[in-house]
2 protein chains.
Amino acid sequence: MTVEKSTVGRVTVKLDPSDHKRLRALATTRKRTPHYLMKEAIHAYIEQAEVEQAVLEIVDDSAAHFEATGLHITFNEVKDWAKRLKTDRNAKLPECHI
Amino acid sequence: MTVEKSTVGRVTVKLDPSDHKRLRALATTRKRTPHYLMKEAIHAYIEQAEVEQAVLEIVDDSAAHFEATGLHITFNEVKDWAKRLKTDRNAKLPECHI
DNA sequence: CCAGTTGGATGACC
DNA sequence: GGTCATCCAACTGG
């Protein structure tokens, strides 16, 4: 309507034909459009990258504590923690228990 | 090299200005060009996506076993296993020990 | 300086 | 919304 100026942010990404092909294949498998996956890829990458730095510091520091104390945590707790990091970057690891 | 120049991979991804801005900020922090990160993002996404399906199946099946037996594994082992999955999708979880 | 490649935006078409 | 094509600016190797 009203010949509006969409001018939505388009960014031309130059990727290898191999990547493009795999992207399309993935989209077909997921019943999604390749473009949707590209947006997801960029969006996810940014979120991960921003959280990445925080994770590396927390993990490295916490991991050393686990090995030093010899404590163990359940695999389920590790997964839960990792998922919470994506939405709560200040989420710390749960209590360590034998 | 077959003088062929058939439109090298150019994929225009329409993303929000917020994503584009964050992408540029990330590139500046990493001392890389924004475009390079975009390629990396798509490439990494494909690799992860292909392995994702395998991980979900293995994790779900293995996780149930951990909870059922009540066994625990070290956090370090979980990290090592996750990293190996990216290059070895048939890598199974290490021995469970109390 | 020119050619090839990367890096980035825009217009057009489906 | 999704996809392709073309042009442009900059850096790089010869």
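Since this is a predicted model, take the numbers as computed values, not measurements. Here is the naming used below: chain letters follow the sequence lines, and residue numbers restart at 1 for every chain.
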> For A/Arg24, which contact category applies under a 4.0 Å heavy-atom criterion: base, sugar-phosphate, or nothing?
Replying inline: sugar-phosphate
> Roughly how many Å is it from CZ in B/Arg10 to C1' in C/dT5, rounded to a whole number?
Replying inline: 10 Å
>> Side chain of B/His35 only, heavy atoms from C-beta on: which candidate in D/dG2, C/dA9, C/dG8 is closest?
In response: C/dG8
> Rounded to the nearest 0.5 Å, what separation is found between the NZ atom of B/Lys14 and the OG1 atom of A/Thr12?
Replying inline: 11.5 Å
> To the nearest angstrom, how far is B/Tyr36 atom OH from C/dT5 atom C1'?
Replying inline: 15 Å
> Checking side-chain contact (heavy atoms from CB on, under 4.5 Å) for the pair B/His43/A/Leu15: CA distance, chi angles, key distance, verdict?
Replying inline: CA-CA 8 Å; B/His43 195 81; A/Leu15 41 81; over 6 Å; no
>> How many whole angstroms separate atom NE2 of B/His20 from atom C1' of C/dA9?
In response: 9 Å
>> How many whole angstroms separate atom CG of A/Leu15 from atom P of D/dT3?
In response: 12 Å
> Base, sugar-phosphate, or nothing for B/Thr33, non-hydrogen atoms under 4.0 angstrom?
Replying inline: sugar-phosphate
> What is the distance from atom CD1 of A/Ile42 to atom CG of B/Asp16, rounded to the nearest 0.5 Å?
Replying inline: 12.0 Å
>> Rounding to an integer number of Å, can you tell me how far B/Ile42 CD1 sits from C/dT6 P?
In response: 17 Å
> Could you state the CZ-C1' distance from A/Arg30 to D/dG2, rounded to the nearest angstrom?
Replying inline: 18 Å
> When you measure from the side chain of A/His35 to the backbone N and O of B/Val13, does any donor-acceptor pair fall under 3.5 Å?
Replying inline: no
> Taking NZ from A/Lys14 and P from C/dT5, how many angstroms apart are they, rounded to a whole number?
Replying inline: 13 Å
>> Without decimals, in angstroms, what is the distance between A/Leu37 CG and D/dG2 C1'?
In response: 12 Å
